[in-house]
There are 2 protein chains.
Amino acid sequence: MPAKRLPTLEDVAARAGVSRATASRVVNMDPRVGSAAREAVQTAVTELGYRPNRNARSLVRPEPDSIAVVVPEAEDRVFTDPFFASLLASITQSLADSPVQVLLAMGQPGNSLKIERYLRGGYTDGAIVVSHHRDDHIWQVLTETRLPAVYVGRPYVGDVGIPYVDVNNHAGGRLAAEHLVTAGRRCIGTITGAMDMAAGEDRLAGWRQGLHEAGLPDDLVEHGDFSSESGAQAVARLLARQPELDGLFVASDLMAVAAIHELQGRGIRVPEDVAVVGFDDSQAAQLTRPPLTTLQNPVAQMATTAVSMLMGLLEEQPASSVVLETELVHRASA
Amino acid sequence: MPAKRLPTLEDVAARAGVSRATASRVVNMDPRVGSAAREAVQTAVTELGYRPNRNARSLVRPEPDSIAVVVPEAEDRVFTDPFFASLLASITQSLADSPVQVLLAMGQPGNSLKIERYLRGGYTDGAIVVSHHRDDHIWQVLTETRLPAVYVGRPYVGDVGIPYVDVNNHAGGRLAAEHLVTAGRRCIGTITGAMDMAAGEDRLAGWRQGLHEAGLPDDLVEHGDFSSESGAQAVARLLARQPELDGLFVASDLMAVAAIHELQGRGIRVPEDVAVVGFDDSQAAQLTRPPLTTLQNPVAQMATTAVSMLMGLLEEQPASSVVLETELVHRASA
DNA sequence: GAACGTCGTGAGAGCGCTCTCACGGTGTGA
DNA sequence: TCACACCGTGAGAGCGCTCTCACGACGTTC
């Protein structure tokens, strides 16, 4: 069986009895085409089921037509964690009016080979990379191939010559600590995020500084990895170490909600017995009982900033990194 | 300023002192290249930051390289509704090992123009379309352009010549009704999904049949649209109409969870006063209190089926629609 | 009636790449 | 020593499209 060849512009032109150039004009809505020719071409297009070959077009007219959103995390995680979900939603939304398409590339953190191959492969004109782990080498690929790129969340390894947008995680951790101290808590613990990510480290460092300034010990630390389960497990370890716990900063709402569930399951009241501060101000923060006191993570703003930075890069305008401020959202949990 | 030209294979070849053909062989890992030439080319590639031009390559070697997942729903909805989220996760996962890229196209249900333009534009080699509303004309575009496509969820308008994967929504509705009847409930209502979607209609029709067979009235119907808020509002209307309500089938878990919240907020106990059956068996079904009795929606299976159907279509193998069965998952809410 | 636009159209180059074909050099067997 | 296979390499065609340029057919103007 001969491979079914898709109709080309040449076929359309032949059927309409015009030249390929004229057919191209009709398809591209060039106004200077006679109405007879125009109609003939349009008919031929629908009759043949003609679809322009994007590759051929882009080859001639090299305009950026897709950017990749790269999330080096497992697929289910990406769609489950409200941080990623709302970030992706915001990114797509800010590109909704542009002709640029969004390509979603995900993959296990350890196995970024597929992603690297993809970025090297020239599939895309630019990349927004979300969530950088210490052992990711994606930034090297980006640098080597000079692919226009922006990070959301400062890369763990520091300045790699690729601009980023981030929230001030350090200030957030410190605000959380201060709030708990002001509320009269004296035995304050924390559940960190993933420690191979800047967000995890910075929030912890900020919290430490806050406690340090209040003259309180800062060693009640258990590590999570931003996932729900890790939050529940970490709070259990924390309680085992220190039953007197009366204040808790959790580095993400997702973990905080799980931690609160765990506390309540053990008959520990929030905020009466343990005051809990989260991070992200996700939708869940409002729905949980009690509503979660948390730090605002300006996800939508990070998304639009990242997008406009990248669009700038595509037009050769240099971009510099941006760090957005965060605020404490005071609700009932602390 | 002259537009910065990206390095081409020609540039790489020149720098490496070989012909374009040899450079191409190295880039494509063709084994029959001498090691001297190979190394020279590899050096030139990194020095120039060469990325192959996908368009040029695909022009010559026309292999499918991307499929679009089209969801004619608002962006935030797509990432918030666990049905879409897990479907998308599963689709991406089933394509993880294939070189095919996933393109995510979303958009307000009313405004499918951008999506239509996109499908017509030849950006993609195939499409998986999720969630069809009555007024969507996407299927017409697909038919006209003969773009290989698969629906997840039977299109509202019936057979449009495009194969689909779906769950047996009718059977699900009926199972829900039967379960409530068997549990001794006599005043049974339902909150429907969007009535311009086949899933909404079929689940209602199945529920009706179940009640009809039990000799019970089937007019206690309030319409939702699958969103959380609509679930809460619909249950309020239902209670206003019929305070005696003692059984409830809600066409999605997301709405069911909201409905239960609303009921509990009014001091109505679940399942003692009102037994509730959901649909989807999403993760939330297990976490809510009480855990939700619901109908299993084999999302992962639908995803893999849709993907393999589409991959088949890309290789010119015809595909026929598949309807998967559903089962009641018995938990505490009914 | 000549000179000059304007408008619709076609011919043809060329985008960056892959792949076929041809060719010279080297190794192997008779 | 010659015939042949084989291997690494280069020349060149051509993928489907856009876009420039040229050209003929008409007005329009003086």
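To find a chain, count down the sequence lines: A is the first, B the second, and so on, and within it residues start at 1. Quick note: numbers below take in every heavy atom, side chains included, and nothing from hydrogens, waters or symmetry partners. Small disclaimer: the values here were computed from a predicted structure and weren't measured.
- In this structure, A/Ser24 reaches the D/dT18 phosphate: one of its side-chain N or O atoms is under 4.0 Å from OP1 or OP2.
- Between the P atom of C/dT20 and the CG atom of B/Asp30 lies a distance of 11 Å, rounded to the nearest Å.
- Between the side chain of B/Ser94 and the backbone N or O of B/Ile91, at least one donor-acceptor pair lies under 3.5 Å.
- Side-chain nitrogen and oxygen atoms of A/Ser19 include at least one within less than 4.0 Å of the OP1 or OP2 phosphate oxygen of C/dG10.
- What separates CD of B/Glu10 from P of D/dG10 is a distance of 12 Å, to the nearest Å.
- Put simply, the side chain of B/Ser24 never gets that close to the backbone of B/Arg20: no donor and acceptor are under 3.5 Å apart.
- Protein atom CG of B/Asn53 is 9 Å distant from nucleotide atom P of C/dT18, rounded to whole Å.
- Nucleotide C/dT18 holds its C1' atom 13 Å from the CG atom of A/Asn55, rounded to whole Å.
- In terms of phosphate contacts, B/Arg32 brings no side-chain nitrogen or oxygen within less than 4.0 Å of OP1 or OP2 of D/dC7.
- Counting atom types as modelled, B/Arg54 pairs no side-chain N or O with a base atom of C/dG16 as donor and acceptor under 3.5 Å.
- Listed candidates were D/dG10, D/dG16, C/dC17. Nearest to the side chain of B/Pro52 is C/dC17.
- Across the protein-nucleic acid pair, A/Asp65 atom CG and D/dC17 atom P stand 15 Å apart, rounded to whole Å.
- At distances below 3.5 Å, at least one donor-acceptor pair connects side-chain atoms of B/Thr143 with backbone N or O atoms of B/Trp139.
- Ranking D/dT18, D/dC15, C/dG10 by closeness to the A/Val60 side chain, first place goes to D/dT18.
- When distances are taken from the side chain of B/Leu9 to each of C/dC17, D/dG10, C/dG16, the shortest belongs to C/dC17.
- Relative to the side chain of B/Leu59, the nucleotides C/dG16, C/dC19, D/dT20 differ in distance, and C/dG16 lies closest.
- Put simply, the side chain of B/Asp65 does not reach to within 4.5 Å of the side chain of B/Arg57, judged on heavy atoms.
- Minimum atom distance to the side chain of B/Arg20 is reached by D/dA13, of the listed D/dA13, D/dC19, D/dT9.
- At C/dC19, one or more side-chain N or O atoms of B/Arg61 fall inside 4.0 Å of OP1 or OP2 (strictly under the cut-off).
- Put simply, the side chain of A/Arg51 and the base of D/dG16 share no donor and acceptor less than 3.5 Å apart.
- Here the side chain of B/Thr22 is nearest to one of C/dG16, D/dT18, D/dT9, namely D/dT9.
- Here the side chain of B/Ala21 is nearest to one of D/dG16, D/dT20, D/dG12, namely D/dG12.
- As judged by a 4.0 angstrom heavy-atom cut-off over every strand, B/Asn28 is placed among residues touching the sugar-phosphate backbone only.
- Take the nearest nucleotide of DNA chain C for B/Arg25 and for B/Tyr50: the residue whose nucleotide is more 5' is B/Tyr50.
- Here the closest heavy-atom approach between residue A/Leu103 and residue A/Ser66 is recorded as CD1-OG, 3.2 Å.
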